[in-house]
Amino acid sequence: MNKKIVIKTLEKIALMLELQGENPFKISAFRKAANALELDERSLSEMEDITKIKGIGKGTAAVIHELIETGESSQLKELEEVVPKGLIPLLKLPGLGGKKLAKLYSELGIDSAEKLKEACENHDIQKLAGFGAKSEEKILKELENFGQRSERLPIWYLQTVVIDIHHVLTDIPEIQKFSVAGSYRRVSEMSKDIDFIVATAQPEKVKEQLLTKLVVKEVVAAGETKVSVILDGEEPVSVDFRLVSEKEFATALHHFTGSKDHNVRMRQLAKDQGKKISEYGVEQPDGAVLTFDSEEQFFAHFNLPFIPPTVRESGKELERLDELAGLVTMDSIVSDLHMHTTWSDGAHTVREMGQALIERGYAYGVITDHSQYLKVANGLTPERLKNQRVEIYQFNESHPNFTLYAGTEMDILPDATLDYDDEVLRELDFVIASIHSSFSQPQEKIMERLFTAIKNPYVHMIAHPTGRIIGQREGYNPDIPQLIQWASEYGKILELNANPYRLDLCIEHLVMAMEQNVPIAINTDAHAIEQLLFMEIGTKYAQKAWLKKELVVNTWSKEQFETFIRKNK
DNA sequence: GCCGTTTTCGGCCCGACTGTTTTCAGTCG
């Protein structure tokens, strides 16, 4: 029995129970059991006694055992007989939860979006106790764009929205300080909404200005401490602003950064000490509420080191505290190994990129323009590559404390050959190989192409190994465990491309690479100076995989890096 | 339903907002 099916079944039972208006704790027990299975790294067959897992007890274990033995769940079957299928998607309508839907079904027989719409139009809904004219109106409005709005938006889209909001908040004088929170702050690939924590002594004024200065499509809620809006744009985005006093800022930021599981663990920990955590502070056993100047101090209060937002996920981070100090951070990054210039499709010259790297405080960097196959990107012929190298080394002569290396981002061609001959590659300091074409080839062919690159002695690194664009395209589906195996055998680097469109390798793959001790380079793939900033997002994303400093190539000293790139020469 | 115990029941993280009420239930994060 596939573990995923078991998890899905438990979640489905939870949904069905919700629609029966069941006890919320019972519902969440099924969700917790599903979550516990998901977080456990073992497969089902490796688990001896599943009730030993915290969150799985007699009831949920019975469901799991039945699934393993018979392939189905009688409890789910019974629920499916009583609860109409059509109700499940309706749970997604804002404002409608299990209890209200259960009522709509039992009183009016509503079991589909069509029937719900009809009932609203006939004004049957407002006659029910607990519903009114406003509910009816709201449901009708929500039904209009039902199923249209995408549930989660990719980080690269949200980033532009966050920057816009940033500007608006900066211009409101009554705001003392603010920060983005939520899953965006934790650098999730996709987020459902954006959260901001705003410190102010004049929430009324701030609220007013937020509603006028932002491009608001819809006001969802506008209370004393919470303003919730949907912003207009290419894609509508839900944004929550939490208005708090300055002294509450740190605890509010922690609370609304989450994750939910992280908060639950923190609250349990507080409870064990007789304390109570809320967004407004930490209530002491004697009832006094403590606030903090920073999240660091908040964690210190519980004798914990600062836990970066990026790893606040499952709650298990509290068991990995000794690893925190070794995680890669922006402070440890001294180079960027993948960037483009005006020689191919970049916006800035070699000199300008080099200068920008120096200003970022790096010790070295590599210029890696495209190779000749990529004509659309003005890829370099061997002749131009040679000329470029002269320019790169000239830059070094006038900058003694910094080194720019001459590299390439060479295409791996569709026929599984490389875009430059070995004689050309041998002359370069650093060679990146990557796939930019024929994504839809069968996996064997893709792997043949990657293997050609991996086994070439002059290739140092494979860039954006899957070719994915978050939320948009899957990439070319390589066999990543195999690629990692090869990288380990042949001593190659795999990239974490820090461009927010890519973040490739993904977390799961980074974890696998780390287990095999394959070095990872976090690179911006910058096509302009501004994009060198992607390093921040890349580094944070790497933390999500608990990537250690030593394994990240661009934390290496120049000497270490040179030893690595010269080993096959 | 799960957990843990002061071991078979009571609590489960906690609080805001809305729309319905006329003190609160449901929903949401």
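This structure is a prediction, so every number in the text was calculated from the model and none was measured.
Taking the six-membered ring for Trp and thresholds of 30 and 60 degrees, F298(A) and H254(A) have ring planes inclined between 30 and 60 degrees apart. H262(A) and F299(A) have perpendicular rings, their planes meeting at more than 60° on a 0 to 90° scale where under 30° would count as parallel.
At least one side-chain heavy atom of M535(A) sits under 4.5 Å from a side-chain heavy atom of N554(A). Between V237(A) and Y157(A) the shortest side-chain heavy-atom distance falls below 4.5 Å. Between V282(A) and F292(A) there is a side-chain heavy-atom pair separated by less than 4.5 Å. Counting only heavy atoms from C-beta outward, the side chains of T60(A) and F30(A) approach each other to under 4.5 Å. Here the side chains of V162(A) and F196(A) are in contact, with some heavy-atom distance below 4.5 Å.
Sequence order on DNA chain B of the closest nucleotides to K99(A) and V264(A) puts V264(A) first from the 5' end. Nearest-nucleotide positions on DNA chain B place F30(A) closer to the 5' end than the other of F30(A) and H255(A).
In this entry the distance linking CE of M266(A) with P of dC12(B) reads 18 Å, nearest Å. Computed from coordinates, the L15(A) CG to dT27(B) P distance equals 14 Å when rounded to whole Å. Whole-Å rounding puts the R152(A) CZ to dG29(B) P distance at 11 Å. The distance between atom CG of L128(A) and atom C1' of dT20(B), rounded to the nearest whole Å, is 13 Å. When rounded to the nearest whole Å, the span between CD of E248(A) and P of dA16(B) equals 10 Å. Per the geometry, CG belonging to L93(A) stands 17 Å off C1' belonging to dT18(B), to the nearest Å. Rounded to whole Å, atom P of dC28(B) lies 13 Å from atom CG of D193(A). Atoms CG (D272(A)) and C1' (dC3(B)) sit 13 Å apart, rounded to a whole Å.
In terms of phosphate contacts, T60(A) brings a side-chain nitrogen or oxygen within less than 4.0 Å of OP1 or OP2 of dC2(B). Contact annotation: K58(A) does not reach the phosphate of dC3(B) (side-chain N/O to OP1 or OP2, under 4.0 Å). Taking side-chain N and O atoms only, S28(A) has no distance below 4.0 Å to OP1 or OP2 of dC2(B). The side chain of Y280(A) contributes no N or O atom lying less than 4.0 Å from OP1 or OP2 of dC14(B). S135(A) has a side-chain polar atom (N or O) that falls below the 4.0 Å cut-off from OP1 or OP2 of dT20(B).
Side-chain atoms of A29(A) lie closest to dC2(B) of the nucleotides dC14(B), dC2(B), dC17(B). Comparing dG29(B), dC13(B), dC2(B) by their nearest atom to the side chain of R267(A) picks out dC13(B). In the set dC13(B), dC17(B), dG19(B), the nucleotide with an atom closest to the side chain of K134(A) is dG19(B). Closest to the side chain of K271(A), out of dC12(B), dC14(B), dA16(B), is dC12(B). If you check dG4(B), dA16(B), dC14(B) against the side chain of K54(A), the one that comes closest is dG4(B). Residue S278(A) places its side chain closer to dG15(B) than to any other of dT18(B), dG15(B), dG1(B).
Nucleotides dC2(B) and dT8(B) place their C1' atoms 13 Å apart, quoted to the nearest Å. Using P as the reference atom, dT18(B) and dC13(B) are 25 Å apart when rounded to the nearest Å. Rounded to whole Å, the C1' atom of dT7(B) lies 28 Å from the corresponding atom of dC14(B). As rounded to the nearest Å, dT20(B) and dT27(B) have P atoms that lie 13 Å from one another. Using atom C1' as the reference point in both dC12(B) and dC17(B), the two lie 23 Å apart (nearest Å). dT5(B) and dG11(B): their C1' atoms are spaced 12 Å apart (whole Å). Straight-line distance between the P atoms of dG26(B) and dT21(B): roughly 13 Å, to the nearest whole Å.
In this structure, K192(A) reaches the sugar-phosphate backbone alone: every heavy-atom distance under 4.0 Å involves primed, P, OP1 or OP2 atoms, never a base. L101(A) comes within contact range of no nucleotide atom at all, as no heavy-atom separation falls under 4.0 Å. K260(A) comes within contact range of at least one nucleobase, with a heavy-atom separation under 4.0 Å. I27(A) comes within 4.0 angstrom of nothing in the nucleic acid, heavy atoms only. Among the protein residues, F25(A) comes within range of the nucleic acid bases, having at least one heavy atom under 4.0 Å from a base atom. Nucleic acid contact class of G98(A) (heavy atoms, under 4.0 Å, all strands): sugar-phosphate only. Note on F256(A): nothing from the nucleic acid sits closer than 4.0 angstrom, heavy atoms only. At a threshold of 4.0 angstrom between heavy atoms, the contacts of A270(A) with the nucleic acid are absent. Within the 4.0 angstrom heavy-atom criterion, no nucleotide atom of any strand lies near A62(A). Residue contacts shown for E224(A) are limited to sugar-phosphate atoms, with no base heavy atom under 4.0 Å away. Residue I53(A) is classed as a sugar-phosphate contact, given heavy-atom separations below 4.0 Å to backbone atoms only.
Of all nucleotides present, none satisfies the Watson-Crick or G-U wobble test against dT8(B) with each distance under 3.5 Å.
A donor and an acceptor atom sit less than 3.5 Å apart, one in the side chain of N23(A) and one in the base of dG1(B).
For the residue pair Q284(A) and D286(A), no side-chain donor N or O sits within less than 3.5 Å of a side-chain acceptor on the partner. For the residue pair S74(A) and E66(A), a side-chain donor N or O sits within less than 3.5 Å of a side-chain acceptor on the partner.
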